[in-house]
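Read the structure below first, then the notes.
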Amino acid sequence: MEMLSCSHLKKIYQKQCVVNELSFSVRKGEAFALLGSNGAGKTTTIKMILGLIPKDGGTVERQADIRIGYSPETPYFHPFLNAREVLEFYGGLQNIPKKELKEQIPMLLERAGLEDSKTKVKNYSKGMLQRLALAQALLGDPQLLILDEPSAGLDALGRVEMMHTIQSLKEEGRTIIINSHILNDIERVCDRGIIMKKGNLLYEWEKGKEVRSLEEIFVDRIGGN
Ligand SMILES: Nc1ncnc2c1ncn2[C@@H]1O[C@H](COP(=O)(O)OP(=O)(O)OP(=O)(O)O)[C@@H](O)[C@H]1O
C-alpha cells in the first residue's frame, strides 16, 4: 500500500528548474531514501511534500488523516528554552493535551538520547539539536516521519545511535523518508530510494536488487552524468 505518491513534481527558482518532473512513491512501513549530491533538490522535494513551499508543477498524494513528523535539515529552536520546554511549545502548537504531553516528553527525550536537563538550547551542540529535532518530529506519534539529514553534526557514536533509533521507529511500523549523504547508513536502514542529480531522478534503488553497494551505484550514477 502506498503512503505517499509524488508525480511530476517541479520547482523553479530564478528560472532554474531545481526539481524536474520528479515522480516516486513511498510504501507504508518502509524507509525510503532521497539521495544525491549537494544541490540535487532533496530538501526542496521534502518542502514541497510538506507544503512548506509551493510547487511549480506536479502533485503530492498521501494517505488521508495521517500524522506527519518532520525533522528539518537545520533545526532552529528558541535559544532560551530547554529541551522539555521546546517540546511543550511544539506539542502545544499541535494541540496535544497537556496531560498527554507530560507523559510523552520524557519518553521522547530518552528515545532521542537527551536528558531532561535545565540546559538551554543556545548551549546545545549541533548533534544535540539534531536529537531534539527528532524528539520534536515524534510528538503526537506520527505514522510518517520525514527526516532531513538526521545524522548531520552527530559524532560516530551518535550516528550509530540515530540509525538504531530510526530502525526501531521503522520496526514499529512507521513510514520514514530520509534525506542523507551517509550511504552506509542508508543502505543499512532503508528499503528503497532514489538518486537525484540537478533535480532529475537518475536511479531507483532497492535493497538487494543489485550486487553492487549503494556507494558504488551512487558514484557510478552521479559521476557518470
Ligand atoms: N529559496 C531558494 N531560492 C533560490 N534557490 C534555492 C532556494 N532553495 C534552494 N535553492 C536551490 O535549489 C537547488 C536545490 O537545493 P536543495 O537544498 O533542495 O538541494 P539538496 O539536494 O537538499 O542539497 P544539500 O544536500 O546540499 O542539502 C540548489 O541549487 C539551491 O541553491
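All ligand and atom numbering here is 1-based and tracks the order in the structure.
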Can you name the side-chain hydrogen bond (donor to acceptor under 3.5 Å, both in side chains) partners of E85, sequence neighbours left out? none

What salt bridge (charged side-chain N to carboxylate O under 4.0 Å, His left out) pairs are there with at least one residue in residues 130-151, not counting sequence neighbours? R131-E161, D141-R174

Given the side-chain rings of Y203 and F218, with only the six-membered ring counted for Trp, is the space between their centroids under 6.0 Å? no

Return yes when atom CD of Q94 has more than 12 non-hydrogen atoms of other residues, nucleotides or ligands closer than 6.0 Å, and no otherwise. yes

Parallel, tilted or perpendicular: rings of F24 and F32 (30°, 60°): parallel

What does the 4.0 Å heavy-atom contact list look like for ligand 1? Y13, V18, S37, N38, G39, A40, G41, K42, T43, T44, E73, E149, H181

For K122, check side-chain contact (heavy atoms from CB on, under 4.5 Å) against everything at least two apart and list the hits. P79, F80, K120

